[in-house]
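Here's the structure, in structure tokens; my notes come after.
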Amino acid sequence: MILGLLKEQGAEQRVALLPEIVSKLVQAKVEVCIETGAGTKAFQKDEAYRNAGATIAERDELLKKADLFVQISEPSIELIQSLSEKQVWLSQFNPLWNTDLVKSFLTNGITSFSMDSIPRTTRAQAMDVLSSMATVAGYKAVLQAANELPNFFPMFMTAAGTIRPATVLILGAGVAGLQSIAIARKLGAQVEAFDVRSAVKEEVNSLGAKFVEVEGAIDDSAAGGYAVEQTEEFKKKQQEAINDHAAKADVIICTAQIPGRKAPLLIPTEAVERMRPGSVIIDLAASSGGNCELTKNSETVIYDEVKIIGQSDYPSLMPIDASKMFGKNVFNFLQLLIAEDGSLNLNFEDDIVKGTCITHSGEIYNERVKSVVES
Ligand code: NAD
């Protein structure tokens, strides 16, 4: 089969496969063809891809000849319409939100896989791009917060007096939140964290942070490790606790999300009004509505001398390592799709292949996406 690596459009700086992964695919008898300049923004030259065994082509030629396309971001509807039924699409296109794209794949008879739909099972862990990108985001968010804050993160005892350490509140202790806790602790801040899943309390404590306790959360083990919608009574208690802790925090990193739904609102305007001037909020949930009422996606808002940064594309700002992780996850997944002779083998008996497949032969394969699109 011919695998086509496409160049990302717009501001995205990552590339889905680094040359080191291309070389592994070539060894697995896959013919790899790269769109001219696909890796440029991630500091990967065409020459490096050529040395790894790939050929280079212009976009129009590549779109005609590849059997399977790989890129990071979602395709445009026009691009989907230009594909033929035998071609397969693989990227991260958030099908629970982008139902128009799902419908377009369906009506055009394209087989599509979305890397953000990889089931969260132990076997699929090495393919989990959401975890990889959340790791990058959690790290970068803390570095930006440290840069923006008009105070030190660590405690300093100097001849000019003692500087108190910054207090960082992390909302949501999933993959991004735990990474943020670890980095904020390494920079010497005092860290508190809150999550509706009380199961993460031990992990939070083991990273040296304090878990903010709110009793009465619903934990649903059937939700695959994800959070579920909470009762109104719990939300009220949670809000009071968060408001009190937010008022004392210098930095808040928001990471709380519920897959396929709007992000929970955890920092209302009143909570921001109680924060100290100069404090910083980084909202990683900005693209799904934000955890802070004042967040604007991809913008920085200053309200009452508090800076609210609605940044959700940190992985693109660290393109080499983010591409390295994304590509390794894709490679691990592709191993389920590539036969010994390098041809494409779609085995829907495999739960990971079936769960990640969004559309095939005019049908929606992923059950959650199916229920959202058909509702
Ligand atoms: P996510 O990005 O969907 O959410 C981030 C965090 O926000 C979660 O911890 C969630 O509980 C929390 N949250 C949601 N609503 C909240 C609210 N109202 N208040 C406070 N916090 C709230 O999740 P994620 O980080 O991608 O993953 C969540 C968990 O899934 C992980 O911690 C892990 O346990 C599990 N997981 C499993 C695998 C695997 O087995 N392959 C891989 C990755 C993650």
Side-chain angles (χ1 to χ4, degrees), residues 92 94 96-97 115-139 141 169-182 192-207 209 211-243 245-246 252-268 271 281-293 312 314-315 325 328-329 332-333 351-352 355-356 368:
Q92 180 178 339
N94 204 349
L96 289 170
W97 282 100
M115 287 300 291
D116 44 22
S117 301
I118 294 264
R120 288 201 137 173
T121 56
T122 309
R123 189 167 75 95
Q125 243 165 3
M127 309 166 198
D128 188 348
V129 292
L130 289 180
S131 291
S132 300
M133 296 308 111
T135 301
V136 179
Y139 166 84
L169 173 64
I170 314 272
L171 297 177
V175 183
L178 290 173
Q179 181 67 13
S180 290
I181 295 173
E192 297 184 321
F194 172 71
D195 197 297
V196 278
R197 294 180 304 118
S198 53
V200 293
K201 182 182 168 182
E202 264 177 46
E203 271 177 282
V204 166
N205 290 341
S206 72
L207 289 169
F211 190 74
V212 177
E213 305 263 8
V214 184
E215 279 173 11
I218 305 171
D219 252 345
D220 185 354
S221 54
Y226 285 119
V228 291
E229 198 62 38
Q230 299 295 318
T231 62
E232 285 310 313
E233 192 200 344
F234 176 82
K235 283 187 192 165
K236 193 165 167 274
K237 275 204 275 179
Q238 166 185 289
Q239 199 55 65
E240 284 162 13
I242 292 174
N243 285 2
H245 287 264
I252 303 180
I253 310 242
C254 303
T255 77
Q257 304 208 54
I258 303 173
R261 306 185 75 135
K262 199 172 172 301
L265 178 61
L266 302 175
I267 310 280
I281 298 175
I282 306 240
D283 200 337
L284 292 179
S287 65
S288 53
N291 293 149
C292 175
E293 192 176 0
S312 39
Y314 283 116
M325 294 168 89
K328 191 68 203 289
N329 293 144
N332 290 334
F333 177 66
D351 64 316
I352 301 179
T356 311
R368 287 195 67 208

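Just so you know, ligand 1 is whichever comes first in the structure, and atom 1 is the first atom listed for that ligand.
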Open item on the list: Which of the numbered atoms in ligand 1 are under 4.0 angstrom from any heavy atom belonging to F194?
Closed with: 19 (N), 20 (C)

- [ ] Could you tell me the separation between the OG atom of S117 and the CD1 atom of I352, rounded to the nearest 0.5 Å?
- [x] 13.0 Å

Task: R123, CZ: over 12 other non-hydrogen atoms inside 6.0 angstrom - done: yes

TODO: Have a look at ligand 1 and work out which part of A124, if any, has a heavy atom under 4.0 Å from it: side chain, backbone, both or neither.
DONE: neither

TODO: Answer with yes or no whether A134 contacts ligand 1, where contact means a heavy atom under 4.0 Å from a ligand atom.
DONE: no

Task: Atom indices of ligand 1, in the order listed, that fall short of 4.0 Å to a heavy atom of V175 - done: 25 (O)

TODO: With sequence neighbours left out, write down each residue that passes side-chain hydrogen bond (donor to acceptor under 3.5 Å, both in side chains) with Y314, or none if nothing qualifies.
DONE: Q144

- [ ] For atom CD of E240, decide whether the heavy atoms of other residues, nucleotides or ligands shown that lie under 6.0 angstrom number more than 12.
- [x] yes

Task: Under-4.0 Å heavy-atom contact with ligand 1, by part of Q238 that carries it - done: side chain

- [ ] Establish, from distance only, whether the side-chain atoms of Q125 and S131 form a donor-acceptor pair under 3.5 Å.
- [x] no

- [ ] Enumerate the atoms of ligand 1 whose separation from the nearest heavy atom of P264 is less than 4.0 angstrom.
- [x] 15 (N), 16 (C), 17 (C), 18 (N)

- [ ] State whether E232 and K235 are salt-bridged, where the test is any N-O pair (Lys NZ or Arg NE/NH1/NH2 against Asp/Glu carboxylate O) under 4.0 Å.
- [x] yes

Task: D128 contact mode with ligand 1 (heavy-atom cut-off under 4.0 Å) - done: side chain

TODO: Please confirm whether D195 comes under 4.0 Å of ligand 1, counting heavy atoms of the residue only.
DONE: yes

TODO: Ignoring angles and geometry beyond distance, decide whether P259 reaches within less than 3.5 Å of ligand 1 through its nitrogen or oxygen atoms.
DONE: no

Task: Residue pair V214 / A241: nearest heavy atoms and the distance that separates them - done: CG2-CB, 3.8 Å

- [ ] Report the residues that fulfil side chain to side chain contact (heavy atoms under 4.5 Å, CB included) with A182, sequence neighbours left out, ordered by chain and then residue number.
- [x] L207

Open item on the list: Taking distance alone, with N or O pairs closer than 3.5 Å, would you say G174 contacts ligand 1?
Closed with: yes

Task: Heavy-atom pair with the smallest gap, counting every atom of D351 and P119 - done: O-CG, 3.9 Å

Open item on the list: Taking distance alone, with N or O pairs closer than 3.5 Å, would you say S131 contacts ligand 1?
Closed with: no

Task: Non-hydrogen atom of V196 closer than 4.0 Å to ligand 1 - done: yes

Task: Close N or O approach (T121, ligand 1; < 3.5 Å) - done: yes

